[in-house]
Participant: 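Here it is, the structure in full.
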Amino acid sequence: MAAPADGGVSLEKAVKQMKESTPYMQNRELSWLRFNERVLLEALDESVPLLERLKFVSIFTSNLDEFFMIRVGSLWDLSLMKGGAVDNKTGLTAKEQLEAIFAAVQPLVQEKDDICRQLDGLLASYGICSLHPNEVDKGDQKYLRQYFSNEIEPILSPQIIDSHHPFPHLQNKVLHVGAWLQDKGKSVFGVIPVPPSLPEVLFLPGTDVRYVHTAELILSHAERVFKPYTVTEKTLFCITRNADITPTDEAFELDQDFRAQMKKLLRQRTKLAPVRLELSSNVSSRFTQYFCDKLQLSKKQLYVTSSPMQMKYVFSLPDRVSQALQQELTYPPFTPQPTAGLTPGESVLKQVMKRDVLLSYPYESMDPFLQMLREAARDPAVLSIKITIYRLARKAKLVDYLCAAAENGKDVTVMIELRARFDEQNNIDWSQRLEDAGCRILYGFDGYKVHSKICLITRRERNGIVYITQVGTGNYNENTAKQYTDLSYITANREIGGDANALFKDLAIGNLEGSYNQLLASPHTMKSRLSGLIDQEIAKGPKGRIFLKLNSVTDLELIQKLQEASQAGVQIRMIVRGICCILPQVEGKTDNIRVTSIVGRYLEHARIYCFGEGDQEIMYISSADFMTRNMDHRVEVACPIHSAQVRQKIHRMIEVQLMDNTKARAMRADGTYRRITTGRVPINSQEVLMNDALEAASKATPAKKKPGKFWQQLFRKQAKEPM
């Protein structure tokens with residue numbers, strides 16, 4: 001990691017400065033910063049194509065923006081409360097957590113700057129150049145002047161701040177030009193918001209891909225904009241505001257329309273308190289103090305960065321280069337494959353009524369599920385479709401099919417979560433369209449988000465009612481299904497279908513305390529059932545086996561239960577992409593727990609729980625992480641996997657990911673990570689699974705293997721390998 005700037009300390013030092021606490025747990029926020037650093041470090045991996053490396057920097061940037069808006073925003077609110085909330089895993093107060101975060105972010109910002117400079121230099125050799133307005137030749141300078149005069153200057157809204165012009169409200173995550181101005185002995189502050197309608201970058205004419213940042217172009221013309229004032233100092237700056245709004249922030253009137261209330265909350269999101277200030281250059285102490293006073297920020301919340309504060313433009317760069325350069329500078333294109341075992345051209349509904357099907361995104365396509373919904377919309381035997389929705393794409397075939405089903409007289413119930421953070425407006429729009437088509441819309445519950453991914457199709461057959469249930473680990477988003485690794489399980493199992501039907505009935509009447517035979521559901525029973533499954537493995541002692549694939553682990557009770565299992569000798573393997581508050585291999589506490597994290601081309605998103613091994617193994621897929629919010633404050637579902645063929649497919653995924661020695665990093669007892677380099681042959685699990693999907697799509701269903709055998713071999717093999 002780069003040396004800390006401006007007195008900042010490294011993330012490792014920030015962790016060491018925390019209070020003495022339970023030795024096998026760490027702070028959630030600092031664990032998340034470690035995850036985002038792993039994202040940033042992918043930009044240094046020379047095996048990753050150059051433009052893809054730049055995308056990882058962009059993802060790191062947007063991740064950090066959201067972290068400040070949500071997590072830092074929440075802690076900021078908590079720090080203002082009397083008594084102060086304390087982290088139940090480390091004993092840190094909200095204020096102490098903020099201090100650690102502000103210090104730990106400083107070196108990450110510098111590391112990002114260093115990486116951006118390195119990547120810009122490498123990309124320039126391919127004719128892809130990020131230029132400062134002062135670096136271009138005379139011909140390009142003329143082009144920039146004309147563009148500024150014709151396209152930018154007419155829509156700028158500069159303002160000075162003095163006794164007659166109060167300090168304006170500065171919008172969240174909007175770039176601004178800030179300048180000290182002098183005229184006739186008068187010194188004032190001037191500000192120019194960069195209009196969001198303008199593109200982030202302006203591409204210059206020519207065959208090469210050369211561009212300047214629009215905000216820097218405006219900054220270079222500050223003297224012209226503020227004439228007759230003299231500009232004595234100027235910089236670009238960007239404010240990040242607290243955006244942690246939930247419906248519980250305000251009292252709700254019982255007769256108030258929920259959609260209208262959410263629209264009001266969205267308007268408020270732009271007005272909350274600042275939590276971070278980014279500057280494009282160092283400024284004078286007077287300038288710094290002015291910002292701190294006006295925005296009520298401490299100097300620890302100011303970050304100077306030479307790299308772009310907004311980097312969405314990065315994703316458009318591949319379209320600007322030649323096809324030959326695309327092949328060299330981006331990942332080889334991959335198309336999600338048809339699912340092996342499903343016969344093309346035949347009804348998906350009829351096929352899944354005969355055997356269970358597992359779709360594995362993005363290696364396999366979401367199309368079979370969408371086709372099944374389209375068939376259900378037209379099928380005279382289908383009586384109803386029920387579904388929970390958390391996030392959707394901007395354009396969604398799923399909505400088209402649900403609307404068509406309602407218009408065809410089916411009973412369509414859609415429970416849509418309007419509080420899916422940053423997707424609220426999109427969900428509001430979709431809920432209106434679904435309602436207009438005749439779907440019954442449910443909005444969830446006060447204090448509980450509906451995060452489950454479950455769909456139930458009910459058909460009337462000659463022999464009675466038949467259920468087809470789909471349970472997923474990820475959203476019904478047709479775009480992210482090509483970017484996130486998720487599982488979608490479709491089954492005609494009658495018991496699972498009966499549970500799903502009971503769940504939807506409970507949700508419709510506001511009952512969150514339902515218990516089900518097959519499904520695990522939060523907030524009422526999931527945590528206790530999971531604890532019971534861990535207890536079963538504890539009873540086996542060293543013969544106990546637990547495997548967990550999750551995005552995050554933060555829940556104190558489940559962490560304590562896993563620690564108890566480790567002390568009993570249970571072998572526990574965990575693949576945790578992001579936050580992991582349990583520390584592995586802490587002597588006498590978590591000796592038998594091993595944790596790895598995979599950051600690669602696709603975002604690891606699937607949740608899998610396995611308890612036991614062989615014929616006695618119990619396997620679930622779920623929408624829920626081991627987080628308190630998922631267990632206690634959300635409606636989540638976990639579904640058992642009974643099909644031997646589907647279990648075999650999931651075992652293959654787990655096996656490959658546990659063998660990854662290219663993109664996987666092992667977590668140490670101190671919370672740091674190191675790359676896994678065991679094995680003579682490099683294994684990139686995501687590439688292996690892409691190849692698996694390609695091969696499976698071109699072959700018949702593979703022969704069955706004895707279930708559970710690989711578990712015995714895998715644990716035996718890995719027990720011998722040093723971490």
Side-chain angles (χ1 to χ4, degrees), residues 247 256-263 348-349 366-420 423-446 448-460 465-472 474-481 488 490 497 499-512 623 634-635 637:
Q256 191 171 20
D257 179 72
F258 195 44
R259 262 197 302 254
Q261 180 66 24
M262 285 307 304
K263 289 179 181 178
V348 175
L349 263 178
M366 190 182 188
D367 287 347
F369 171 69
L370 295 174
Q371 182 183 332
M372 183 178 74
L373 280 183
R374 184 175 57 188
E375 292 172 10
R378 301 172 181 173
D379 187 347
V382 169
L383 304 176
S384 67
I385 302 174
K386 298 179 175 70
I387 191 170
T388 59
I389 291 177
Y390 193 71
R391 296 189 196 275
L392 290 173
R394 297 289 180 185
K395 295 181 180 179
K397 294 178 183 177
L398 179 140
V399 172
D400 293 338
Y401 301 150
L402 292 175
C403 290
E407 290 163 355
N408 289 338
K410 315 296 182 190
D411 178 11
V412 180
T413 300
V414 180
M415 175 158 278
I416 189 165
E417 181 53 73
L418 296 188
R419 295 163 295 180
D423 268 0
E424 296 95 338
Q425 188 60 57
N426 192 42
N427 286 3
I428 288 169
D429 295 340
W430 282 130
S431 68
Q432 187 65 63
R433 182 180 168 191
L434 288 161
E435 195 169 56
D436 290 344
C439 300
R440 181 165 60 135
I441 305 298
L442 305 176
Y443 292 125
F445 310 93
D446 186 15
Y448 298 89
K449 287 186 180 181
V450 180
H451 188 251
S452 57
K453 284 77 177 167
I454 184 166
C455 177
L456 177 67
I457 298 172
T458 304
R459 299 179 83 247
R460 185 183 296 280
I465 296 297
V466 172
Y467 297 121
I468 298 96
T469 311
Q470 180 274 339
V471 177
N475 299 300
Y476 299 109
N477 186 313
E478 295 151 49
N479 292 332
T480 57
S488 177
I490 308 173
D499 275 1
N501 188 49
L503 172 71
F504 277 107
K505 285 182 179 178
D506 285 338
L507 294 180
I509 63 173
N511 175 29
L512 297 181
S623 57
R634 289 186 172 185
V635 175
V637 168

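Quick caveat, the model's predicted, so the values are computed rather than measured.
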Participant: Measure from the side-chain N and O atoms of Asp506 to the backbone N and O of Asn511, and report whether any donor-acceptor pair falls under 3.5 Å.
Facilitator: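 Such a contact is absent between Asp506 side chain and Asn511 backbone.
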Participant: Do Arg394 and Asn426 come within less than 4.5 Å of each other through their side chains, counting heavy atoms only?
Facilitator: yes
Participant: Is there a donor-acceptor pair under 3.5 Å between the side chain of Lys410 and the backbone N or O of Val382?
Facilitator: yes
Participant: Where do Arg440 and Ala508 come nearest, in terms of heavy atoms and distance?
Facilitator: NH1-CB, 4.4 Å
Participant: For a side chain to side chain contact (heavy atoms under 4.5 Å, CB included) check, start with the C-alpha distance between Met415 and Ile387, then their side-chain angles and the critical distance, and finish with the verdict.
Facilitator: CA-CA 6 Å; Met415 175 158 278; Ile387 191 170; over 6 Å; no
Participant: Working to the nearest 0.5 Å, report the span between CZ of Phe504 and CG of Leu456.
Facilitator: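 With rounding to 0.5 Å, CZ (Phe504) is 6.0 Å from CG (Leu456).
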Participant: Does NZ or CZ of Lys449 come closer than 6.0 Å to the centre of the six-membered ring of Tyr390, within 45° of the ring's axis?
Facilitator: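 No - Lys449 does not lie over the ring of Tyr390 by the 6.0 Å and 45° rule.
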Participant: Determine whether Gln470 and Ser488 make a side-chain contact, defined as any pair of heavy atoms from C-beta on separated by less than 4.5 Å.
Facilitator: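 In contact.
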Participant: So, the side chain of Trp430 versus the backbone of Ala393: is there a donor-acceptor pair under 3.5 Å, distance only?
Facilitator: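 Answer holds: yes.
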Participant: Please evaluate residues Thr469 and Asn501 with respect to the criterion side chain to side chain contact (heavy atoms under 4.5 Å, CB included), reporting the C-alpha separation (whole Å), side-chain torsions for both, the decisive distance (0.1 Å), and the verdict.
Facilitator: CA-CA 9 Å; Thr469 311; Asn501 188 49; over 6 Å; no
Participant: Report yes if some heavy atom in the side chain of Ile465 is under 4.5 Å from a heavy atom in the side chain of Arg460; otherwise report no.
Facilitator: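 Yes, their side chains come closer than 4.5 Å.
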Participant: Roughly how far, to the nearest 0.5 Å, is the CG atom of Leu349 from the CD atom of Glu375?
Facilitator: 5.0 Å
Participant: Starting from the C-alpha separation in whole Å, work towards a yes-or-no answer on side chain to side chain contact (heavy atoms under 4.5 Å, CB included) for Tyr467 and Ile457.
Facilitator: CA-CA 6 Å; Tyr467 297 121; Ile457 298 172; over 6 Å; no
Participant: Test Asp400 against Arg433 for salt bridge (Lys or Arg N to Asp or Glu O under 4.0 Å), laying out the working first.
Facilitator: CA-CA 10 Å; Asp400 293 338; Arg433 182 180 168 191; 2.7 Å; yes
Participant: Between Asn427 and Glu417 (side chain of the first, backbone of the second, donor and acceptor by atom type, cut-off under 3.5 Å), is there such a pair?
Facilitator: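 Yes: the side chain of Asn427 pairs with the backbone of Glu417.
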Participant: Got a donor-acceptor contact below 3.5 angstrom from the Asn475 side chain to the Asn477 backbone?
Facilitator: no
Participant: Between Val348 and Pro368, what is the shortest heavy-atom contact and its length?
Facilitator: CG1-O, 3.6 Å
Participant: Grab the two heavy atoms, one from Glu435 and one from Tyr443, that are nearest each other, plus how far apart they are.
Facilitator: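 Of all heavy-atom pairs spanning Glu435 and Tyr443, the closest is OE2-OH, 4.3 Å.
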Participant: Quick one: CD1 on Ile389 to CD1 on Ile454, what's the gap to the nearest 0.5 Å?
Facilitator: 13.5 Å
Participant: So do Thr388 and Leu442 actually touch side chain to side chain, heavy atoms under 4.5 Å?
Facilitator: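 SC-SC contact between Leu442 and Thr388 ruled out.
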Participant: Less than 4.5 Å apart, any side-chain heavy atom of Met372 and any of Tyr401?
Facilitator: no
Participant: Heavy atoms only: give me the nearest Ala405-Ile385 pair and the separation to one decimal.
Facilitator: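 What the structure gives for the nearest pair is CB-CD1, 3.8 Å.
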Participant: Do side-chain atoms of Lys386 reach the backbone of Ser384 as a donor and acceptor pair under 3.5 angstrom?
Facilitator: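 Checking the backbone N and O of Ser384 against the side chain of Lys386, no donor-acceptor pair under 3.5 Å is found.
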Participant: How many angstroms lie between atom CD of Gln432 and atom CD1 of Ile416, to the nearest 0.5 angstrom?
Facilitator: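 The distance works out to 11.0 Å.
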Participant: Hey, does Val471 have a side-chain heavy atom less than 4.5 Å from the side chain of Ser623?
Facilitator: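 Contact flag for Ser623/Val471 side chains = no.
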Participant: Shortest non-hydrogen contact from Ala406 to Gly438?
Facilitator: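 So the minimum-distance heavy-atom pair works out to CB-C, 3.9 Å.
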Participant: Carefully, step by step, assess Cys455 and Leu373 under the rule side chain to side chain contact (heavy atoms under 4.5 Å, CB included).
Facilitator: CA-CA 10 Å; Cys455 177; Leu373 280 183; 4.0 Å; yes
Participant: Do Lys453 and His451 have side chains that approach each other closer than 4.5 Å (heavy atoms only, starting at C-beta)?
Facilitator: yes
Participant: Are the side chains of Asp429 and Ser431 in contact, using a 4.5 Å heavy-atom criterion?
Facilitator: no
Participant: Within this structure, what is the OG1-CG distance for the pair Thr413 and Leu507, rounded to the nearest 0.5 Å?
Facilitator: 10.5 Å
Participant: To the nearest 0.5 Å, tell me how far Asp367 CG sits from Phe369 CZ.
Facilitator: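 Atom-to-atom, Asp367:CG and Phe369:CZ are 11.5 Å apart.
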